[in-house]
Amino acid sequence: MSEEKSLNFIEEIIETDLANGKYKTILTRFPPEPNGYLHIGHAKSICLNFGLGLKYGGKTNLRFDDTNPVKEDIEYVDSIKQDVHWLGFNWEKELYASDYFEQLYLLAIDLIKKGLAYVDDLDAEEIATLKGTPTEPGKDSPNRNRLIEESLLLFAEMKAGKYKDGEKVLRAKIDMASPNMHMRDPLLYRIKHAHHHRTGDAWCIYPMYDFAHGQSDSIENITHSICTLEFIPHRELYDWLIEKLGIFPSQQFEFARLNMTYTVMSKRKLLQLVTEGHVQSWDDPRMPTISGMRRRGFTAESIRNFCEKIGVARRENMIDFSLLEFCLREDLNKSALRVMGILDPVKLIITNYPDAQTEELVSENGPDEAYGTRTVSFSKELWVEREDFMEEAAKKWFRLAPGAMVRLKSAYIVKCDGFTKHVDGKLTAIHCSYIPESKSGNDTSGISVKGTIHWVSIAHAIPAEIRLYERLFKVENPASEEGDFKEYINEDSLKIITNAWVEKSLEKATTATRYQFLRKGYFCLDKESMSDKLVFNRTVTLKDAWLKEVKKR
RNA sequence: UGGGUUAUAGUGUAAUGGUAGCACUACAGAUUUUGAUUCUGUCCGUCUAGGUUCGAAUCCUAGUAACCCAACCA
């Protein structure tokens with residue numbers, strides 16, 4: 001029995017195109033502008049474009065849309081390549097729109113010769129005025145009917161550097177009365193005396209998006225050029241230029257971009273968070289960037305699954321952050337090593353345990369036997385979690401409380417006999433007695449307890465710094481709230497714990513490994529971690545039924 | 001008030017004129033040496049009003065709502 005999986009609308013188009021022989025094979029592309037770091041929204045596009053290539057035996061190019069030198073940088077190129085690779089995809093070719101500057105220039109000349117483009121002397125403001133509004137038609141520029149030869153000469157002079165920025169532009173000659181604003185003689189080329197990160201100072205005229213993107217698609221023989229909804233109005237121009245130029249007919253298809261609750265997804269806003277210091281860097285673990293998520297401990301697999309689950313359609317969406325967390329936990333649960341660490345330590349003393357004794361107890365490493373076991377050191381004095389003790393047990397409380405019994409994971413059952421407090425009321429130690437016959441693995445005590453808690457032996461524990469992250473914003477959709485989105489930043493999104501204790505095996509922790517700190521969540525080593533000062537990021541908590549219970553009350 | 005696009009449980013996504021399904025969330029229960037995992041169950045939906053049809057989420061008409069478009073950005 002094969003599982004029936006419905007196709008998204010783009011897959012349907014492709015299957016139709018393949019079935020009726022329009023194409024023998026497909027070619028897609030992922031076309032970022034190297035002006036920022038990739039985020040989870042880009043991941044959706046990456047998974048879509050590369051996924052399509054893979055699914056239909058086609059190929060996918062990585063093409064940098066680098067037509068605006070003042071915003072772009074090699075730093076972004078490098079990070080984008082790293083992120084796409086990390087997500088698990090391999091591009092057929094690494095390409096740049098700037099590779100086509102010469103070809104694009106020749107195409108522009110072709111258009112001028114056909115009488116379909118002209119050089120305009122108007123400045124930006126005049127052009128905007130004559131463009132009209134959505135409800136009123138525009139008016140022709142006085143230069144609209146200048147001679148082809150004159151435009152040709154002027155355009156050559158533009159390229160040669162004779163004019164300053166903004167003095168002249170090349171425009172397509174289409175229809176100043178079109179209801180589609182993008183068809184009212186759109187700009188094709190502008191002058192920018194700026195250094196380009198790849199072409200240096202070779203050019204001082206640069207093509208606009210509309211005269212670069214579709215043409216690049218066409219040059220590469222891209223069959224399905226997939227972009228987001230806001231480019232729908234550009235499609236008429238995309239098709240017009242390809243038709244008039246008589247070049248390979250790539251076709252544009254649009255899908256709805258990803259939006260997620262409690263974060264922002266525009267490069268401009270993300271850049272602000274970085275430059276204004278609301279987060280530390282592009283790869284701050286609270287950022288929805290691929291690099292931030294990677295540092296936080298997300299796996300590529302979980303992000304790919306997420307992109308698969310959210311689907312592809314044409315309507316605006318707002319995905320629950322909890323779906324991303326579900327995909328994360330689903331993957332981490334399968335692969336994370338189980339270890340013990342105490343985030344908020346309080347001392348537990350086993351009064352009837354021999355003072356100098358240490359036992360090496362066996363504990364399982366993972367969710368199934370294939371992960372094997374390790375030993376953890378057990379002794380008279382342990383660190384346990386402060387929140388695992390209640391002076392007066394609440395209803396349905398399964399953990400430590402005077403008179404209550406719990407199992408210490410992989411060790412013994414202990415009974416809480418008492419506790420000591422500092423004068424300020426803060427708990428300083430919990431006193432317990434253990435049941436020697438209840439040793440994990442050969443428990444003959446006959447006692448069963450409801451609660452099991454984690455612990456580390458004080459004498460054997462190693463210190464660690466642990467960073468806990470909460471959502472970056474206090475509201476579901478900061479971009480749509482009144483006022484500036486930054487007013488809704490959650491000031492408590494980062495909590496640093498400097499006095500945590502973790503089990504000794506973590507001395508050998510690596511950034512490549514994911515860990516589940518039993519009962520506390522999934523963690524990974526941060527890049528700032530050092531051998532004498534371990535630093536862990538909490539990737540995500542475990543689901544917590546008790547916390548829900550508490551919140552209900 | 002021009003043009004374009006989209007409306008299906010709280011969220012996302014299927015159903016291509018013929019039983020409104022799946023996942024997440026929420027809630028309830030079982031199992032559990034992680035209050036995790038796993039397993040079982042429950043709640044909740046076709047934007048509105050007309051029409052065509054034996055039969056409409058799907059087709060038609062008229063509304064309504066949301067988003068996009070007037071950068072020498074992409």
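If you're wondering where the values come from, they're calculated on a predicted model, not measured in any experiment. Lettering of chains follows the sequences in order, A, B, ..., and the numbering in each one begins at 1.
- For A/Tyr206 and A/Phe101, the distance between ring centers is under 6.0 angstrom.
- Below the 3.5 angstrom threshold, one finds no donor paired with an acceptor across the side chain of A/His454 and the base of B/rA36.
- Comparing the same atom, P, in B/rA26 and in B/rU1 gives a spacing of 42 Å after rounding to whole Å.
- Rounded to an integer number of Å, the gap from A/Phe321 CZ to B/rG10 P is 23 Å.
- The pair A/Arg63-A/Asp99 fails the salt-bridge criterion, with no side-chain N (NZ, NE, NH1 or NH2) lying under 4.0 Å from an Asp/Glu carboxylate O.
- A/Lys520 and A/Glu387 are joined by a salt bridge, as a carboxylate oxygen and a charged side-chain nitrogen come within less than 4.0 angstrom of each other.
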Find every protein N or O atom lying less than 3.5 Å from an N or O atom of nucleotides 37-42 of chain B, and list the pairs.
{"unit_1": "B/rU37", "atom_1": "O2'", "unit_2": "A/Asn333", "atom_2": "ND2", "d": "3.0"}

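- Considering only side-chain N and O atoms, A/Arg519 lies under 4.0 angstrom from the phosphate OP1 or OP2 of B/rG35.
- For A/Phe378 and A/Trp455, the gap between ring centers is short of 6.0 Å.
- Under the 6.0 Å cut-off for aromatic ring centres, A/Phe517 and A/Phe523 qualify, their centroids lying closer than that.
- The aromatic ring centroids of A/Tyr238 and A/His234 lie 6.0 Å or more from each other.
- Looking at the side chain of A/Asp320, the nearest of the listed nucleotides B/rU11, B/rC72, B/rG35 is B/rU11.
- Using a 4.0 Å cut-off between charged nitrogen and carboxylate oxygen, A/Glu549 and A/Lys396 count as a salt-bridge pair.
- The phosphate of B/rC73 (OP1 or OP2) has a side-chain N or O of A/Arg190 nearer than 4.0 angstrom.
- Backbone-only contact: A/Lys552 has heavy atoms under 4.0 Å from sugar-phosphate atoms and none from a base.
- Considering only side-chain atoms of A/Leu542, the nucleotide from B/rA74, B/rA36, B/rG35 that sits closest is B/rA36.
- Using a 4.0 Å heavy-atom distance criterion, A/Tyr189 is classed as making no nucleic acid contact.
- Under 4.0 angstrom from either OP1 or OP2 of B/rA71 there lies no side-chain N or O belonging to A/Lys131.
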Detail all sub-3.5 Å separations between protein N/O atoms and N/O atoms belonging to nucleotides 12-15 of chain B.
{"unit_1": "B/rG12", "atom_1": "OP1", "unit_2": "A/Met318", "atom_2": "N", "d": "3.0"}
{"unit_1": "B/rG12", "atom_1": "O2'", "unit_2": "A/Ile310", "atom_2": "O", "d": "2.8"}
{"unit_1": "B/rU13", "atom_1": "OP2", "unit_2": "A/Arg315", "atom_2": "NE", "d": "2.8"}
{"unit_1": "B/rU13", "atom_1": "OP2", "unit_2": "A/Arg315", "atom_2": "NH2", "d": "3.3"}
{"unit_1": "B/rA14", "atom_1": "O2'", "unit_2": "A/Ser6", "atom_2": "OG", "d": "3.3"}

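- Residue whose closest nucleotide on RNA chain B sits further toward the 5' end, between A/Gln516 and A/Asn180: A/Asn180.
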Could you spell out the base pairing of RNA chain B as a dot-bracket line? Use Watson-Crick and G-U wobble contacts where both distances are under 3.5 Å, [ ] for crossing pairs, | for partners on a different strand.
.((((((..((((....[..)))).(((((.......)))))....(((((..]....))))))))))).....
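- Geometrically, A/Arg198 engages A/Tyr96 in a cation-pi contact defined by less than 6.0 Å to the ring centre and at most 45° from the axis.
- Taking a cutoff of 4.0 Å between a charged side-chain nitrogen and a carboxylate oxygen, A/Lys55 and A/Glu11 qualify as a salt bridge.
- Stacking between A/Trp546 and B/rG35 is shown: the ring centroid lies under 5.5 Å from the centre of the six-membered base ring, and the planes differ by under 30°.
- Between A/Glu503 and A/Arg374 there is a salt bridge, since at least one side-chain N of the basic residue sits less than 4.0 Å from a carboxylate O of the acidic one.
- If you check every strand for non-hydrogen atoms under 4.0 Å, A/Pro134 touches a base.
- Contacts of A/Thr67 with the nucleic acid, taken as non-hydrogen atoms under 4.0 Å apart, involve only primed sugar atoms and P, OP1 or OP2.
- Using a 4.0 Å heavy-atom cutoff across all strands shown, A/Lys548 reaches sugar-phosphate atoms only and no base atom.
- Note on A/Lys543 versus A/Glu325: no salt bridge recorded, every NZ/NE/NH1/NH2 to OD/OE distance being 4.0 Å or above.
- Side-chain proximity of A/Glu33 to B/rU25, B/rU1, B/rA74: nearest is B/rA74.
- We find that A/Lys439 and A/Glu359 are joined by a salt bridge, their nearest charged nitrogen and carboxylate oxygen being less than 4.0 Å apart.
- Salt bridge annotation for A/Arg407-A/Asp443: present, with a cationic side-chain nitrogen under 4.0 angstrom from a carboxylate oxygen.
- Nucleic acid contact class of A/Asn35 (heavy atoms, under 4.0 Å, all strands): none.
- For B/rU58 and B/rA15, the C1' atoms lie 9 Å apart once the distance is rounded to whole Å.
- In this structure, the nucleotide among B/rA26, B/rC72, B/rU34 sitting nearest to the side chain of A/Thr452 is B/rU34.
- Residue A/Ile127 has its side chain nearest to B/rC72 when only B/rC72, B/rC73, B/rG35 are considered.
- Of the side-chain N and O atoms in A/Lys450, none sit less than 4.0 angstrom from OP1 or OP2 of B/rU32.
- Nucleotides B/rA71 and B/rA65 place their P atoms 27 Å apart, quoted to the nearest Å.
- One can find a donor-acceptor pair under 3.5 Å joining the base of B/rU33 and the side-chain atoms of A/Ser440.
- Looking at the side chain of A/Met208, the nearest of the listed nucleotides B/rG2, B/rC72, B/rU34 is B/rC72.
- In this structure, of B/rC72, B/rA74, B/rU34, it is B/rC72 that holds the atom nearest to the side chain of A/Asp123.
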